[in-house]
Amino acid sequence: MKQNHDYYQNLLKRLCKADNISPRKPRFENIEDLVIIHVKNHLKEGVDLECFKILNLIYQTVVPLGIKFNQQLYLYPNGDRLDRVAITFNKNDYILLNEKLEKGEI
């Protein structure tokens, strides 16, 4: 993977834009040996459709390539309201994902 060239982040943001979702909605974060994609839920009750669409885009683009990731739901304290969803990749798996995209394996 080229330095500072995140093929997957670019792909996901382009797919969001094509689906009329703000490309800023999925937020990428690097923490030590993890890459985390945060998707914020903006509805007070239920889950906004954009949140589901972004998660679906992640599943459609990552699962066929055999890349492992974890999904975690974050709820607000003292309630059942969803705050956000975090998709977490091990940094090595994320690098492999970007290498596959660079080689055109998707």
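Only a predicted model underlies this, so the values are computations on that prediction, with no experimental measurement involved.
- Atom CD1 in I36 sits 9.0 Å away from atom CD in Q72 (nearest 0.5 Å).
- Between R14 atom CZ and L12 atom CG the span is 10.0 Å, to the nearest 0.5 Å.
- Remark: side-chain polar atoms of N41 are paired, donor with acceptor, to backbone N or O of G46 under 3.5 angstrom.
- No more than 12 heavy atoms of other residues, nucleotides or ligands shown are found within 6.0 angstrom of NZ on K17.
- Closest approach of D48 and H42 over heavy atoms only: OD2-N, 2.7 Å.
- In this structure, H38 and A86 approach most closely via the heavy-atom pair ND1-CB, 4.1 Å.
- Interatomic distance, K68 NZ to N92 CG, rounded to the nearest 0.5 Å: 10.5 Å.
- With values rounded to the nearest 0.5 angstrom, L65 atom CG is found 5.5 Å from K100 atom NZ.
- Counting all heavy atoms, side chain and backbone alike, I54 lies closest to P26 at CD1-CD, 4.0 Å.
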From CA spacing to verdict: side chain to side chain contact (heavy atoms under 4.5 Å, CB included), K40, R27 | CA-CA 9 Å; K40 181 90 172 125; R27 191 173 53 80; over 6 Å; no
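- Under the 4.5 Å side-chain heavy-atom criterion for ILVMFWY residues, no single connected hydrophobic cluster contains both F52 and L43.
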Should Y94 and N30 be marked as a side chain to side chain contact (heavy atoms under 4.5 Å, CB included) after you check the CA-CA gap, both sets of side-chain angles, and the distance that decides it?
-> CA-CA 11 Å; Y94 194 76; N30 288 292; 5.7 Å; no
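- In plain terms, the two heavy atoms of N98 and H5 that are nearest each other are OD1-O, 4.2 Å.
- Atoms CD1 and CD, from I37 and Q71 in turn, are 11.0 Å apart once rounded to the nearest 0.5 Å.
- Looking at heavy atoms from C-beta onward, L97 lies out of side-chain contact with Y7 at the 4.5 angstrom threshold.
- Under a cut-off of 6.0 angstrom, the local environment of CG in D80 is sparse, with at most 12 non-hydrogen atoms contributed by other residues, nucleotides or ligands.
- Exactly one residue among V35, I58, I67 makes a side chain to side chain contact (heavy atoms under 4.5 Å, CB included) with Y8. That residue is I58.
- In this structure, the separation between CG on L11 and OG1 on T61 is 5.5 Å, given to the nearest 0.5 Å.
- One hydrophobic cluster, built from ILVMFWY side chains closer than 4.5 Å, cannot hold both Y74 and F28; they sit in different ones.
- At a threshold of 4.5 Å between side-chain heavy atoms, the hydrophobic network of Ile, Leu, Val, Met, Phe, Trp and Tyr places L73 and L34 in two separate groups.
- A donor-acceptor pair under 3.5 Å is absent between the side-chain atoms of K44 and the main chain of R81, judged by distance alone.
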Please report the C-alpha distance between Y59 and F69 in whole Å, then the side-chain angles of each, then the deciding distance to 0.1 Å, and finally whether the ring pair (Phe, Tyr, Trp, His ring centres under 6.0 Å) criterion is met.
-> CA-CA 10 Å; Y59 281 109; F69 64 92; 5.5 Å; yes
